[in-house]
2 protein chains.
Amino acid sequence: MIDTKDRILDAAERLFAENGYSATSLRRIMNDAGVNVASVHYYFHSKEVLLEAVLLRRAEAANHERLEMLARFEQEAPDGRVTVEKVLEAFLVPTLRMAADPARGGHVFLRLMGRLHAESDLLPGIILVQFRPVLLRFAEALARALPDLSPAELYFRARLAMGATAQVFRDSSYRKWAQGGAGGSFDWQPVLGRLVSYLSAGFRAPVVDLVREQETR
Amino acid sequence: MIDTKDRILDAAERLFAENGYSATSLRRIMNDAGVNVASVHYYFHSKEVLLEAVLLRRAEAANHERLEMLARFEQEAPDGRVTVEKVLEAFLVPTLRMAADPARGGHVFLRLMGRLHAESDLLPGIILVQFRPVLLRFAEALARALPDLSPAELYFRARLAMGATAQVFRDSSYRKWAQGGAGGSFDWQPVLGRLVSYLSAGFRAPVVDLVREQETR
DNA sequence: GTCTATAACTTGATAGAC
DNA sequence: GTCTATCAAGTTATAGAC
């Protein structure tokens, strides 16, 4: 028998991912989890804290993996400067490993993260604390991999990249590329290859400054 | 004095864009619009129909512009085959013209569209009818511009492109590039250039098929 | 067309028995 | 720890006076 706390977290993760935070009521979560309606307040105090708990359960390990992988790539690189492709790989591989592992939320957690990325005002403060250092670290590595991009250009393209990634995680359109695993298991290599190819091409695209072009006309 | 119906639509557009559909109550909309709480049911019958009305008010004109622009580009091309850049331009320019025009919702409507793209289950049937022919038409043009991509690869990259675009419209990070207009007005050319450069590079990126690579190893 | 009043229901959250 | 019962507030939506 699974722990009550985990059953609530599982049901909340699934329903928040499927219908969004605001549209999901605690009663629906309790019903799906098969526990009493009062349990959630006993274990989590409020709906917002429940969302935090859902996220924290998965995010910490993935973020740790991301930082570790990036550090390893930098050690392996001769001058400590890794390519865009490697930075993207270090960020995405832990994510895709989660999607491949039902015990770590599988594709459901990815879908939730993709959704919350759009309802950014929902992301609680604690989660920001959990993600900010990772994002800063990766932004720094990206800047070193792309020295020709100004900080503003880099930030703009990073937003585009995050939006693109969040979209395919949200609508699960990445899953069609991941059927090739042995015994029907999740093989994330084709997805990784496609994402990295697309995103790195975007990061490397020529900078068009139409304003300057207009001035020199 | 503005029409009551329009005041409701304006307030709904703004609040749906800012807080999302589920998290916004009709009472809050009526309060912001400064009209009676019963008006919305008199004019729109229900919350869902109100959302439909908010979208239909803007989408029809923009979609018409998109199709017209694409048709013009195809006529101008020698063999009727336009580049990816031109297809993207035909899709994005009407959008950015809306963002530049406060009378057509300005950046607020773009933000709303970006949000709804994430809560895709909310997009009502009528809106799908309104958008589907446009999307099919553009998919067809994209396929002709990128004959080397399989339909599955093209669809995947189109999702990535939509996600990237929706993200920058949602968080308004595109607005910083649009301050150059005369008298502080919105100049969408720099935004268009940056979006097209990024997205077309993604569409043209090499296709990596790791599965095949593994087989030939 | 605009308003008040209210129906009918759902929401997050709590108190207190067991 | 788990349950029932319930609260107080907020929700969409409607009926009917003016």
Side-chain angles (χ1 to χ4, degrees), chain A residues 1-57 112 115-116 118-127, chain B residues 1-57 112 115-116 118-127:
Chain A
M1 186 63 173
I2 316 171
D3 190 31
T4 299
K5 211 166 169 175
D6 280 326
R7 299 181 61 181
I8 296 174
L9 287 171
D10 288 344
E13 186 176 61
R14 188 160 26 84
L15 288 167
F16 286 156
E18 213 57 42
N19 311 118
Y21 176 79
S22 297
T24 304
S25 71
L26 289 176
R27 301 179 119 83
R28 175 80 198 278
I29 293 170
M30 298 300 100
N31 187 41
D32 270 39
V35 302
N36 189 270
V37 280
S39 314
V40 69
H41 297 106
Y42 178 77
Y43 285 110
F44 301 102
H45 178 63
S46 74
K47 189 183 180 182
E48 200 178 337
V49 174
L50 171 61
L51 174 63
E52 277 184 18
V54 167
L55 298 179
L56 281 176
R57 177 168 67 146
L112 174 60
R115 271 204 106 116
L116 292 182
E119 313 179 57
S120 55
D121 40 310
L122 277 180
L123 287 178
I126 292 181
I127 300 302
Chain B
M1 187 62 173
I2 316 171
D3 190 31
T4 299
K5 211 166 168 175
D6 280 326
R7 297 182 62 182
I8 296 174
L9 287 171
D10 288 344
E13 187 176 61
R14 187 161 24 85
L15 288 167
F16 285 157
E18 213 56 42
N19 311 117
Y21 175 80
S22 297
T24 303
S25 71
L26 289 176
R27 301 182 116 82
R28 177 78 198 279
I29 293 170
M30 298 300 99
N31 187 42
D32 270 38
V35 302
N36 189 271
V37 280
S39 314
V40 69
H41 297 106
Y42 177 78
Y43 285 110
F44 302 103
H45 178 65
S46 74
K47 188 182 180 182
E48 199 178 339
V49 174
L50 171 60
L51 175 63
E52 277 185 17
V54 167
L55 298 179
L56 281 177
R57 178 168 67 147
L112 174 60
R115 271 204 106 115
L116 291 182
E119 313 179 59
S120 56
D121 40 308
L122 277 180
L123 287 177
I126 293 181
I127 301 302

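In this text the structure is predicted, and so the values were computed from the model without any measurement. We use all heavy atoms of the structure for the numbers below, so side chains are in, but hydrogens, waters and symmetry mates are not. Naming: A, B, ... by sequence-line order, numbering from 1 per chain.
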To the nearest Å, give me how far apart CD1 (A:Ile8) and C1' (D:dG1) are. 11 Å
Rounded to the nearest 0.5 Å, what separates atom CG in A:Leu9 from atom CZ in A:Arg57? 4.5 Å
Between the OG atom in A:Ser39 and the CG atom in A:Leu26, the distance rounded to the nearest 0.5 Å is 11.0 Å
Can A:Ile29 and A:Val40 be said to form a side chain to side chain contact (heavy atoms under 4.5 Å, CB included), step by step? CA-CA 9 Å; A:Ile29 293 170; A:Val40 69; over 6 Å; no
Whole Å only: how far is the CG atom of B:Asn31 from the P atom of D:dT11? 11 Å
For B:Glu18, all residues meeting salt bridge (Lys or Arg N to Asp or Glu O under 4.0 Å), sequence neighbours excluded: B:Arg111
Check ion pair A:Arg14-A:Asp10 (N to O, under 4.0 angstrom): no
Does a side-chain N or O of A:Tyr43 approach OP1 or OP2 of D:dT2 to a distance below 4.0 Å, or not? yes
Per-nucleotide protein contact string for nucleotides 3-13 of chain C (B base, S sugar-phosphate only, - none; heavy atom under 4.0 Å): BB-B----BBB
Could you state the atom-to-atom distance from CG of A:Asp3 to C1' of D:dG1 in whole Å? 11 Å
Does A:Lys47 make a cation-pi contact with A:Tyr21, if we ask for NZ or CZ under 6.0 Å from the ring centre and within 45° of the axis? yes
Quick check on C:dT2: is either OP1 or OP2 less than 4.0 Å from any side-chain nitrogen or oxygen of B:Thr4? yes
Relative orientation of the end axes in the helix from C:dG1-D:dC18 to C:dC18-D:dG1, expressed as an angle to the nearest 10° (five pairs per end): 10°
Of A:Val54, A:Leu51, A:Leu50, which is the lone residue that meets side chain to side chain contact (heavy atoms under 4.5 Å, CB included) with A:Phe44? A:Leu50
Do A:Leu55 and A:Leu112 touch side chain to side chain, with heavy atoms closer than 4.5 Å? yes
Would you mind classifying the nucleic acid contact of A:Phe44 as base, sugar-phosphate or nothing, using non-hydrogen atoms under 4.0 angstrom? nothing
